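Notes follow the structure.
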Amino acid sequence: MRTPLCDVFGIEYPIFAFTHCRDVVAAVSKAGGLGVLGAVGFSPDQLEIELDWIDEHVDAMPYGVDTVMPQKAVDVHGANADEMLSQIRSMIDANHWRYVDELMERFDLPPLPEGDGPHGVLGWTDDVAHEHVEIALAHPIKLIANALGSPPKDVIDRAHEQGVKVAALAGKAVHAQRHVNNGVDIVVAQGYEAGGHTGEISTMVLVPEVVDAIAPTPVLAAGGIGSGRQIAAALALGAQGVWLGSLWLTTTESNSSPAVSQAYLEATSADTVRSRCYTGKPARMLRNAWTEAWADPSGPGPLGMPLQNILTSEANARIARSGRKDLAFAPVGQIVGRMNEVRPVRDVIFRLVEEYIETIEHLEEGVRS
Ligand SMILES: Cc1cc2nc3c(=O)[nH]c(=O)nc-3n(C[C@H](O)[C@H](O)[C@H](O)COP(=O)(O)O)c2cc1C
C-alpha cells in the first residue's frame, strides 16, 4: 500500500483519518496512518488543550489539524465569543426563532438546567478559524487541512515556512484546480457519499476527474471508503491514499455519545440524508425526525452558515441531554451501513490493510473477490 505520500509524511500506510476525537488521532498515527484533528467544534483554548494532549500521547508520530474556513459564509467579527454570538443572534428573524421554539415543544425537549447555556459552533467564523490556525502551527503538526475552500494565501505561506503540508477538500475538479493554483499541496477529492459537508458528485466519478485535472499533485480519495477493497479501488482510480471520516465514529476510542453510537450501528446505507439543518450548508447525517422537520416545505427551512447552528444551538443541546436517538445529530456517510461493530482503531486499520492485500492478490490471480 506504500505510495509516495508515505515518504512525505513518514507513515506506513496512506490512510488519513479525519476525526474530532483526540484519542482517535493518536491511535491512528500510532497504528501507521495519519490522524487529523477537526478543530471546528473547539474554542481556541480547548483546541490548545486537545493538541497538548495529542503531543503527549502520539509517541512523536505525525499528525495533522483540520480547520474550516468557508469561502462563502456570513462574515461576523467580535472581540470575544459572546459578542460574536449576540451579533449572529441579532441577524436571525422572528419567524425562524418561532419555528425552533415550536419544534422544541413538539418534540417535548426538556429545558436545560439553569446556567447551562448553549453556545453553538463558532469555529467556521473567520476570526476563530484563524485563531485555530495560529494554535495548530504552534504544535508539531505535519499537515493542515481545510474544508469548504482553499485556505487563505497567508495561511498556506505560514504553513510552508514551517514545513507543514497543506491539504484542502474538493467536491469538483474545478475546486481542486483552484486549490492547486493557490498553493495547496494535497487535494482530498471527497464524493457525495461522504459524511459531513459534501457535494453532489460520487467518489467513483470524482476521484479520477480530480487526479487528471491536477496531476502530478497528490490526491486522497474520500467518501464511502470503509474497507480494504475500497482502498484498492481508490488507488486504482489514481489516488495516492485515502481520507476516512465516518469509519472512526464507531471505534472504541471514539467519543460519540451512546445514543448516537447506537444509531450508527443500526443504520443502513439508505438511512442518511444531505441536510442544511445543523450547519447551514449541505452535510450528510442520519435522517431522523429533526432533519425531516427542517425539510418540511411548510416550515421556514434552514438559514445559512453560521446562523443555522446558532439558531438551533439550544435545541441541539436539549436533544443531546435528552439522549433521544430519534432526534440526535448524527453526521455520517453512506458507509454507515457497514459500521456494525465497535472495534479499536488499531484493529480497524490492520483489517483495512489485510483486506487490501487480499484484494490485490485476488486481482493478480485474476480471480473475482
Ligand atoms: C462526523 C463528521 C464530521 C466532519 N467534519 C468535518 C470537518 O469539520 N472538516 C472537514 O474537513 N471535513 C469534515 N468531515 C468530512 C471528512 O473530512 C471526510 O472527508 C469524510 O468523512 C470522508 O467520507 P466518509 O465519511 O465516507 O469516510 C466530517 C465527516 C464526518 C463523518
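Bear in mind the structure is a predicted one, so any value in this text is a computation, not a measurement. Each residue takes its place number in the sequence, starting with 1. Whatever order the structure lists ligands and atoms in, that order sets their numbers, starting from 1.
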Check this for me - ligand 1, [X], N or O atoms closer than 3.5 angstrom, yes or no?
{"X": "Glu193", "result": "no"}
{"X": "Gly223", "result": "yes"}
{"X": "Leu249", "result": "no"}
{"X": "Gly245", "result": "yes"}
{"X": "Trp243", "result": "yes"}
{"X": "Gln190", "result": "yes"}

Any chance [atom1] of [X] has more than 12 other-residue heavy atoms, nucleotides or ligands included, within less than 6.0 Å?
{"X": "Glu200", "atom1": "CD", "value": "no"}
{"X": "Arg338", "atom1": "CZ", "value": "no"}
{"X": "Asp108", "atom1": "CG", "value": "no"}
{"X": "Lys325", "atom1": "NZ", "value": "yes"}

Which word best sums up how the rings of Tyr278 and Phe329 line up, parallel for under 30°, tilted for 30 to 60°, or perpendicular for over 60°?
parallel
Closest to atom 24 (P) of ligand 1 (heavy atoms only, candidates Ser246, Gly226, Ala17, Gly333) is Ser246
Just going by heavy-atom distances, which of Phe329, Tyr192, Trp248, Phe18 is nearest to atom 4 (C) of ligand 1?
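The nearest heavy atom belongs to Phe18.
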Quick check on contacts: which atoms of ligand 1 are under 4.0 angstrom from a heavy atom of [X]?
{"X": "Val40", "result": "8 (O)"}
{"X": "Val68", "result": "8 (O), 9 (N)"}
{"X": "Gly224", "result": "24 (P), 26 (O)"}
{"X": "His20", "result": "3 (C), 4 (C), 5 (N), 8 (O)"}
{"X": "Leu169", "result": "11 (O), 12 (N), 19 (O)"}
{"X": "Pro331", "result": "1 (C)"}
{"X": "Leu244", "result": "27 (O)"}

dist Arg284:CZ -> Ile335:CD1 (nearest 0.5 Å) comes out at 12.0 Å
Does one side chain, of His132 or Thr67, offer a donor that lies under 3.5 Å from an acceptor on the other?
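Distance-only check fails for His132 and Thr67.
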Using the salt bridge (Lys or Arg N to Asp or Glu O under 4.0 Å) rule, pick out the option among Glu358, Glu354, Glu355 that qualifies with Arg229.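 Only one option passes, and that is Glu355.
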- Quick check, are the ring centers of Phe16 and Phe9 under 6.0 angstrom apart? yes
